[in-house]
Amino acid sequence: MDMGLKGKAALITGGSDGIGFAAAKMLAAEGVRVAICARREEHLRGAAETVRRATGGEVLAVAADIGKAEDAARFVSEAAKAFGRIDILVNNAGSSSTHPFEQVPDEEWQRDIDLKLMGAVRCSRAVLPYMRKVGGGRIVNVTAGAGKTPGAASVPTSVSRAAGLALTKAMSRDLGKDNILVNSVVIGVVHSAQWERRHAQIQKGNPSYTLEQFYADTVKARGVPLGREGTAEEAASVILFLASNMASFVTGVAINIDGGQCAVL
């Protein structure tokens, strides 16, 4: 099936691991030129080379911290210079910072908002002239279920993710006239570097605790109806759909990719 993506250019923040990496690989396989960014340069370049070998696609790696305004601007500028156009932006960069409300200092609030909310704001704002030039585009904001149903000890992540959902809806209303479609994918327990880092912390005190058992315990604790965790590829498949011509009348929505976990639509 022709998804109408060949020859287009996509930017993916947080593209060296997990969902971002899987999305880069899927888009490149469809003939999309892909730019990925992340903070760890050596790891990023290795991820880019893996995508090139797997797909034969054109992949640009730009070491950048999207939480910094100058890095976000540089990432977009370098991608636009390399590709001559920008059609797709996946705002995927993020981290999981979850604590009881009273334990979070101002500095941590600011870091979380700068990375997850302002990173998406700055990258989205920077790509708009390029998308308008080619007659439209797609922006996909990767958020999390905590943004819809915050739990105890879930800040600042739940708040910054809720802001990402509001940003998605507001942008979709403002940019529809330019044929720029803006949607969000709302992630649950899906394979990612963030979950792996949580497991690594627990494993320090329990060396025999495997990643597989960690995922199984997390799925059970969170009551995921499908009874399993998701894969990065399952999340990337929805991103691919939203970036394609098949989603040409879909904007302003937030699609849960969580095996039914989230209590609200």
Side-chain angles (χ1 to χ4, degrees), residues 1-64 66 71-72 74-94 119-120 123-124 126-127 130-131 133-142 180-185 187 190-194 230-248 250 255 257:
M1 179 182 294
D2 182 8
M3 302 186 76
L5 289 168
K6 189 173 182 179
K8 293 190 175 183
L11 279 64
I12 304 174
T13 67
S16 63
D17 284 303
I19 295 168
F21 174 77
K25 192 173 179 181
M26 284 190 179
L27 286 165
E30 291 292 329
V32 178
R33 292 170 289 173
V34 178
I36 59 175
C37 77
R39 288 175 289 187
R40 295 177 292 161
E41 184 169 5
E42 185 175 351
H43 183 65
L44 173 70
R45 296 196 182 283
E49 183 56 31
T50 298
V51 174
R52 291 188 197 101
R53 289 198 304 266
T55 66
E58 183 178 352
V59 186
L60 174 69
V62 179
I66 294 302
D71 278 22
R74 179 170 54 82
F75 175 50
V76 173
S77 177
E78 290 191 22
K81 184 178 179 180
F83 300 147
R85 62 185 295 152
I86 296 174
D87 304 272
I88 301 159
L89 170 64
V90 181
N91 286 309
N92 173 67
C123 288
S124 298
V127 302
Y130 302 102
M131 290 185 173
K133 187 175 180 179
V134 297
R138 305 284 194 273
I139 298 175
V140 181
N141 295 321
V142 179
I180 297 172
L181 282 57
V182 188
N183 295 291
S184 178
V185 290
I187 305 299
V190 173
H191 288 174
S192 71
Q194 293 180 30
T231 67
E233 289 72 23
E234 286 174 313
S237 294
V238 181
I239 294 173
L240 181 68
F241 163 72
L242 291 172
S244 76
N245 283 347
M246 292 190 292
S248 57
V250 179
I255 302 176
I257 308 174

How long is the span from the CD1 atom in I180 to the CD1 atom in I88, to the nearest 0.5 Å? 12.5 Å
For the backbone of V59 and the side chain of R52, can you confirm whether one donor and one acceptor N or O come within less than 3.5 Å of each other? yes
Quick one: CD1 on I12 to SG on C123, what's the gap to the nearest 0.5 Å? 12.0 Å
Do the charged groups of K81 and E78 touch, with an N to O distance under 4.0 Å? no
Heavy atoms, side chains only, cut-off 4.5 Å: are M3 and M246 in contact? yes
I139 CD1 to N91 CG distance, which is reported to the nearest 0.5 Å: 7.0 Å
State, yes or no, whether a side-chain contact exists between K8 and E30 at a heavy-atom distance under 4.5 Å. no
Whether the side chain of T55 engages the backbone of K25 through a donor-acceptor N/O pair (distance < 3.5 Å, no angle test) should be reported. no
Would you say the side-chain atoms of D71 pair up with the backbone N or O of I66, donor to acceptor, closer than 3.5 Å? no
Looking at R45 and E41, is any side-chain nitrogen of the basic one under 4.0 Å from a carboxylate oxygen of the acidic one? yes
What I'd like to find out is whether the side chain of V185 reaches to under 4.5 Å of the side chain of I19, using heavy atoms alone. no
With a 4.5 Å cut-off on side-chain heavy atoms, are L240 and L5 touching? yes
Out of the candidates H43, Q194, H191, only one should pair with D17 under the side chain to side chain donor-acceptor pair (under 3.5 Å) rule; please name it. H43
Please evaluate residues V190 and E234 with respect to the criterion side chain to side chain contact (heavy atoms under 4.5 Å, CB included), reporting the C-alpha separation (whole Å), side-chain torsions for both, the decisive distance (0.1 Å), and the verdict. CA-CA 9 Å; V190 173; E234 286 174 313; over 6 Å; no
Taking all non-hydrogen atoms of both residues, which atom of V140 and which atom of I239 are closest, and how far apart? CG1-CG1, 4.2 Å
When rounded to the nearest 0.5 angstrom, what distance separates CD1 in I36 from CG in N92? 11.0 Å
Quick one: pull up CG in L181 and CG in L242 and give me the separation to the nearest 0.5 Å. 9.0 Å
Atom CZ in F75, atom CG in L11: separation rounded to 0.5 Å? 4.0 Å
